[in-house]
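Here the structure is laid out as structure tokens; the discussion comes afterwards.
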Amino acid sequence: MPAITLPDGSVRHFDGAVTGTAVAESIGPGLAKAALAMEVDGRLVDLSLPIGTDAAVRFVTRKDEAALGLIRHDAAHVLAEAVQELWPGTQVTIGPAIENGFYYDFARNEPFTPEDFPAIEAKMREIVARGARFEREVWPREEAIRFFEERGERYKAELIRDLPESEPISIYRQGDWLDLCRGPHMRSVADVGSAFKLMKVAGAYWRGDHRNAMLTRIYATAWRDGKELDAHLLQLAEAERRDHRRIGKEMDLFHIQEEATGSIFWHPKGWRLYTVLQDYMRRAQQGAGYQEVRTPQLVDRTLWEASGHWENYRDHMFIATVEEEDKHLALKPMNCPCHVQIFRHGLRSYRELPLRMAEFGACHRYEPSGALHGIMRVRAFTQDDAHIFCTDDQIAPETARFVAMLADVYRDLGFDSFRVKFADRPDNRAGSEESWDKAEAALKEACRLAGVEYEHNPGEGAFYGPKLEFVLRDAIGRDWQCGTLQVDYVLPDRLDASFIGEDSARHRPVMLHRAILGSFERFIGILIEQFAGRFPMWMAPVQVVVASIVTDAEPYALDVADRLRAAGLQVEADTANEKINAKIRTHSLQRVPVILVVGRKEAEAGTVAMRRLGGNTQEMLSLDEAVALLAAEATPPDLRRRSGNGAGAPADSPSTAASSAPA
RNA sequence: GCUGCUGUAGCUCAGUGGUAGAGCACUCCCUUGGUAAGGGAGAGGUCGUGAGUUCAAUCCUCACCAGCAGCACCA
């Protein structure tokens, strides 16, 4: 006599086990028609599943977000059926729903190409139109293995073999086709609908392990209706429009060429961006009590052996040798061992702790060729790195202090919120279990005291310690992991760092590795995409262009540019033999935030006609007013706070620069 | 690194087994124009690199390099 509790709190009683379908029908024909699956006590299951005991039931309809996962998973089955119908002999493996869609990995000698997509999509639509019902069956394990092996589906057979004994072997049929699957599924393939699209083909290792065979994967996107599909495709187009590689080219910020793959040639405008950001970070660090240092690029392998990096990352290090000396020097892949060298140069007192040592550390790592990506993933990069040498007791306050600094920086750089992840011990790690216990507990406690809430990210810590990962969300909803804070008991021990305590005895400091941007290269890539190249005034590589209308106004245009330059602005004068329309167009496409137009009128009156990027109106200002206004807008947010902008201005008053950024 | 795709002018791209084309950008000339492209002329490429097939290769084959997508990696 199961009693079914519905989300509105009402309870329905049934004589004996009852399927979800029957429950839905008892509620009403509308729901019976709309229900795709149900949640029984919070677990998503097939409507056909009989409910034998009291339970809370919620029906999932197409309106429900949860329908997305079902549609995508069912669509994956439809894709697999379509492919096997078109190319018999292709082996199926797995095909999960993922963010925005699904994929299916196939084993086939001949890989698929996008040219195959129309045929596959047509076949999928045919299968959806057939509308076969999903039927779940539970098979004896041995029979299932034999069945798939006889059909030459050795991957499926392997999957079944590796399922735990307790797991029932469930098979879903859709018409003549069937697949091993945990479920749940909707009622029939017709529920998949038509809002799906095959996106790309790619290789993928069987079970994600690079030692295994490479399968051929088809990615697809699937949604509840065509409108959602279109919105998603639009979002992809938007991401492409913002691609930092495209914008970097368009705005002449940087380039990369074959002779230095993975390293960046920064052009003047890109380097301007870089130095503005670096200057800002330098001020932020000074304000937060860091001491800046600079350490060697080339360091003998013995130091990397001592630190443990040689053992773990030797293959990813650039090695330089000198024939006369039989020495192996490594281009430093990171800064921490060098910072320890400064720390241990001379006796340290507990009075010096916490000691915050910062470096814009230029590092080189031999990244695998397939990992390189524009300026986001490179082989030569500069970290906004720092190490805090402190005692156990100082971990919590230093964590709080760091998180506060990081939040300020992110806000100034145009990111209002971030998430935190807690990454704990990885499989491949240095240090004893005890030290890991201690480090993880200390970091957790520090988060608690600092009021930092985090998600768990198991097994993703650094090899020497657990870490907090700080994740930004950009203007179009993408996440970027940038900041990090890592607790390290291992390195101070390996490199024998110590300080003299109050008790006159030697003690080991803890090291906190931390970064806010991560690397300048990657972060600038993120900024380019975040702003789509339309930087706030203070970051813009060219802040103002003075455009003359007629030759007579040329001397005045040059004067105006000089005045702005003297006020510290990045300014260009455009006195080319072009119409003003063409100049406006050129500099708007270059995403220059402010264009000052000067003709005869302005030259005579000592004024400028100001036009802002994204607007199509002009404002007439005297030259003095314009210089004062633009210089104020171009002031970095931290300096604006410092100068106070008048007494009593709130520290976090919205910046004019930000408000002038185009919508 | 793995799988697949791509590589032609500064940029975006077309094209052919008989040694190349467009638009934009660039240079010069005309034009002095008031808020997203004024007109004309010119210059610019050993078709990623190296081998092979062929009477003949930018085009076909192979290798390498680089880029793109995904996977794997990311101290």
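When reading the values below, keep in mind they use all heavy atoms of this one structure, side chains included, and skip hydrogens, waters and symmetry mates. Quick note on labels: first sequence line is chain A, next is B, and so on, each numbered from 1. Every value quoted in this text rests on a predicted model; they were computed, and no experiment measured them.
- Taking the ring axis of A/F381 as reference, the NZ or CZ atom of A/R379 does not stay both within 45° of it and closer than 6.0 Å to the ring centre.
- Across all strands, A/P333 comes closer than 4.0 Å to base atoms (heavy-atom distances).
- Among the protein residues, A/L589 comes within range of the nucleic acid bases, having at least one heavy atom under 4.0 Å from a base atom.
- Put simply, A/H373 has a side-chain N or O that comes within less than 4.0 Å of OP1 or OP2 on B/A69.
- In this structure, A/I580 reaches the sugar-phosphate backbone alone: every heavy-atom distance under 4.0 Å involves primed, P, OP1 or OP2 atoms, never a base.
- The gap from the P atom of B/G18 to that of B/U61 amounts to 16 Å, rounded to the nearest Å.
- Of the candidates B/A75, B/G67, B/G1, the closest approach to any side-chain atom of A/L372 belongs to B/G67.
- Distances shown here put a side-chain N or O of A/K249 below 4.0 Å from the OP1 or OP2 atom of B/U12.
- Nucleic acid contact class of A/K332 (heavy atoms, under 4.0 Å, all strands): none.
- Mapping A/G461 and A/A582 onto RNA chain B via the closest heavy atom, the residue that lands nearer the 5' end is A/A582.
- Ring stacking holds between A/Y313 and B/A75, with the centres under 5.5 Å apart and the planes within 30 degrees of each other.
- Distance check on atom P: B/U54 versus B/C13 gives 36 Å, rounded to whole Å.
- For the pair A/R508 and A/D496, the salt-bridge criterion is met [side-chain N within less than 4.0 Å of a carboxylate O].
- Among the nucleotides B/G1, B/U32, B/C74, the one closest to any side-chain atom of A/R600 is B/U32.
- Across all strands shown, A/V201 has no heavy atoms under 4.0 Å from either base or sugar-phosphate atoms.
- OP1 or OP2 of B/C68 has at least one side-chain nitrogen or oxygen of A/R245 nearer than 4.0 Å.
- Judged by distance alone with a 3.5 Å cut-off, a donor-acceptor contact links the side chain of A/Y205 to the base of B/G1.
- When heavy atoms are screened at a 4.0 angstrom cut-off, A/E602 is found touching base atoms of the nucleic acid.
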Evaluation steps, side chain to side chain donor-acceptor pair (under 3.5 Å), between A/E367 and A/H316: CA-CA 6 Å; A/E367 301 286 6; A/H316 299 277; 5.2 Å; no
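- One finds a side-chain N or O of A/R611 lying less than 4.0 angstrom from the OP1 or OP2 phosphate oxygen of B/A36.
- Look at CD on A/Q486: it is 13 Å from P on B/C74, rounded to the nearest Å.
- No hydrogens or angles were tested; on distance alone, a donor-acceptor pair under 3.5 Å links the side chain of A/R377 to the base of B/C73.
- Residue A/Y103 is classed as having no contact, given no heavy-atom separation below 4.0 Å to the nucleic acid.
- Look at the C1' atom in both B/A14 and B/A9: the space between them is 13 Å, to the nearest Å.
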Going through the distances and angles, do A/H387 and A/N335 end up as a side chain to side chain donor-acceptor pair (under 3.5 Å)? CA-CA 9 Å; A/H387 297 93; A/N335 310 296; over 6 Å; no
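- Both A/F112 and A/A202 lie close to RNA chain B; mapped to their nearest nucleotides by heavy-atom distance, the more 5′-ward contact belongs to A/F112.
- Within the 4.0 angstrom heavy-atom criterion, only backbone atoms of the sugar-phosphate kind lie near A/T261; the bases stay farther away.
- Remark: the separation of the P atoms in B/G48 and B/G15 is 15 Å, to the nearest Å.
- To the nearest whole angstrom, the two C1' atoms, one in B/C28 and one in B/G21, are 23 Å apart.
- For A/E554 and B/U31, the CD to P distance is 17 Å, given to the nearest whole Å.
- Here A/A609 lies in heavy-atom contact (under 4.0 Å) with a base.
- Here A/R217 pairs with A/D105 in a salt bridge; the nearest charged N to carboxylate O distance falls below 4.0 Å.
- The cationic atom of A/R473 (NZ for Lys, CZ for Arg) does not lie both less than 6.0 Å from the six-membered ring centre of A/W480 and within 45° of the ring axis.
- Taking only side-chain atoms of A/K601, from C-beta outward, the nucleotide of B/G33, B/A36, B/G34 with the closest atom is B/G34.
- You won't find any donor-acceptor pair under 3.5 Å spanning the side chain of A/R217 and the base of B/A69, going by distance alone.
- In this structure, CE of A/M511 is placed 15 Å from P of B/A75, rounded to the nearest angstrom.
- Here A/N581 lies in heavy-atom contact (under 4.0 Å) with sugar-phosphate atoms only.
- The gap from the C1' atom of B/C60 to that of B/A66 amounts to 22 Å, rounded to the nearest Å.
- Atom CD in A/E250 sits roughly 20 Å away from atom P in B/A36 (whole-Å rounding).
- Distance check on atom P: B/A36 versus B/C29 gives 28 Å, rounded to whole Å.
- Just one of A/K123, A/E153, A/Q91 meets the side chain to side chain contact (heavy atoms under 4.5 Å, CB included) condition when paired with A/Q84; it is A/E153.
- The residue A/G208 sits close only to the backbone: its heavy atoms come under 4.0 Å of sugar-phosphate atoms, none of a base.
- In this structure, the nucleotide among B/U32, B/A75, B/U35 sitting nearest to the side chain of A/R365 is B/A75.
- Base engagement by A/E578 is indicated by at least one non-hydrogen atom pair under 4.0 Å involving a base atom.
- Taking only side-chain nitrogens and oxygens, A/T113 never comes nearer than 4.0 Å to OP1 or OP2 of B/G4.
- Heavy atoms of A/N577 sit under 4.0 angstrom from at least one base atom.
- Atom P of nucleotide B/G4 and atom CD of A/E110 are separated by 10 Å, given to the nearest angstrom.
- Within the cation-pi definition used here (under 6.0 Å to the ring centroid, within 45° of the axis), A/R72 qualifies as a partner of A/W223.
- Rounded to whole Å, the C1' atom of B/U27 lies 10 Å from the corresponding atom of B/G44.
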